[in-house]
Enquirer: 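Handing you this structure, nothing more for now.
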Amino acid sequence: MAALTILILNKLSARHREVLERTAPDCRILSCEWEDAAKYLPEADILVAWGWMDIQPMLKNGHQLKWIHALSAGVENLLAPVQEDNSILLTNSKGIHGIPVSEHVLSLMLAFTRGLNIFIRNQEQHLWQRSPVDELHDKTIAIVGLGSIGRELAKKAKCFSMHVIATKQTQTRELFVDRLYPPEQLDEMLAEADFVVASLPLLPETNRLFSLSRFQKMKSSAYFINISRGSIVNENDLITALQDGVIKGAALDVFEEEPLVETSPLWEMSNVIITPHLAALSPNYMERAVKLLGENLERYLDGKELVNLIDSKKGY
Ligand code: OXD
């Protein structure tokens, strides 16, 4: 078999290249920036990219791709080529996000209960002014779409003596979840929560899942946290819900349009915390991503079934 070419659309450190070269000594490993992808894509048998990279237009001039692996959990822009040619495999990096994303969500919940969204704004104005603070203890966190991120979050929430409820497609036994709901009972679950954390993939059925009528199902004292994809929320409805006191606040890492437009009213709201789509990032990200890629590469070369295979029809 001719040597396979693996094209990685990300900078690869010497240490990470070494891991892959050790795993696949007979393969040619190319790495380049997204801007140069078109140059190398026609030669690639295996493509390693990020879910946001729209590779479809570059595939028009022929390609020999057999497998696309996403360095991210999201695969939104990588689905089209696989749906068009179902001989191409698609995998993602599900499973490596639990630690940073759960720490991110905890920091946001603590920021709200301890009033940091207010006090940081006050500090900028040298303003010494108390406002009510609260505890996570005994509060209820609802995880919409329990997966590996949700499980890690549930475990940490339990350390704070929180009640943990979650929706999940299939009912399983979960060590750190007090009650699992099927997705059809989402509204029922929302009514119980003090914190609602959206942790779902973006699919036709989750697109704009959170509209004004959904926010109206939540307690007016509850917070909404989105670490999934911006388009699972109707952003205008969320703005209305925040302005009208339908919910108490929101922490958002993802937006319908990224970067968030400068004119968005969300920037000015003291009950909103904005982070620029980095909940999963940490200095350990590429270490974990390359380890997972290496394990899958070994499976591919051994003719074994890949882990984290995406069903292109379902989109996850
Ligand atoms: C991902 C993300 O998809 O961090 O991995 O958003």
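We count residues from 1, following the sequence as given. Just so you know, these numbers use all the heavy atoms, side chains as well, and skip hydrogens, waters and symmetry mates. Both ligands and their constituent atoms are indexed starting at 1 by order of listing. The structure displayed is predicted, hence computed values, not measured ones.
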Enquirer: Answer yes or no: is there an ion pair linking Glu135 with Arg114, defined by an N-O contact shorter than 4.0 Å?
Expert: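 Result for this pair is no, no salt bridge flagged.
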Enquirer: Is it the case that the side chains of Lys217 and Ser213 hold a donor-acceptor pair, with the cut-off being a distance below 3.5 Å and no angle test?
Expert: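 No pair is found: no donor N or O on one side chain lies under 3.5 Å from an acceptor on the other.
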Enquirer: Do Trp50 and Tyr285 have ring centres separated by under 6.0 Å?
Expert: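 Trp50 vs Tyr285: aromatic centres under 6.0 Å.
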Enquirer: Is it true that the side chains of Glu192 and Tyr181 contain a donor and an acceptor less than 3.5 Å apart?
Expert: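 Indeed, the side chains of Glu192 and Tyr181 share at least one donor-acceptor pair under 3.5 Å.
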Enquirer: Within the distance-only criterion (no hydrogens, no angle test), does the side chain of Ser220 pair as donor or acceptor with the backbone N or O of Ile247 below 3.5 angstrom?
Expert: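 Not confirmed, Ser220 side chain does not pair with Ile247 backbone.
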Enquirer: Show the protein residues that qualify under the rule heavy atom under 4.0 Å from an atom of ligand 1, listing them in chain and number order.
Expert: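 Residues Ser72, Ala73, Gly74, His97, Arg229, His277, Ala280, Tyr285 each place a heavy atom under 4.0 Å from ligand 1, listed by chain and number.
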Enquirer: Is it the case that Ser102 and Lys156 place a side-chain donor and acceptor less than 3.5 Å from each other?
Expert: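 Note: Ser102 and Lys156 side chains meet the donor-acceptor criterion.
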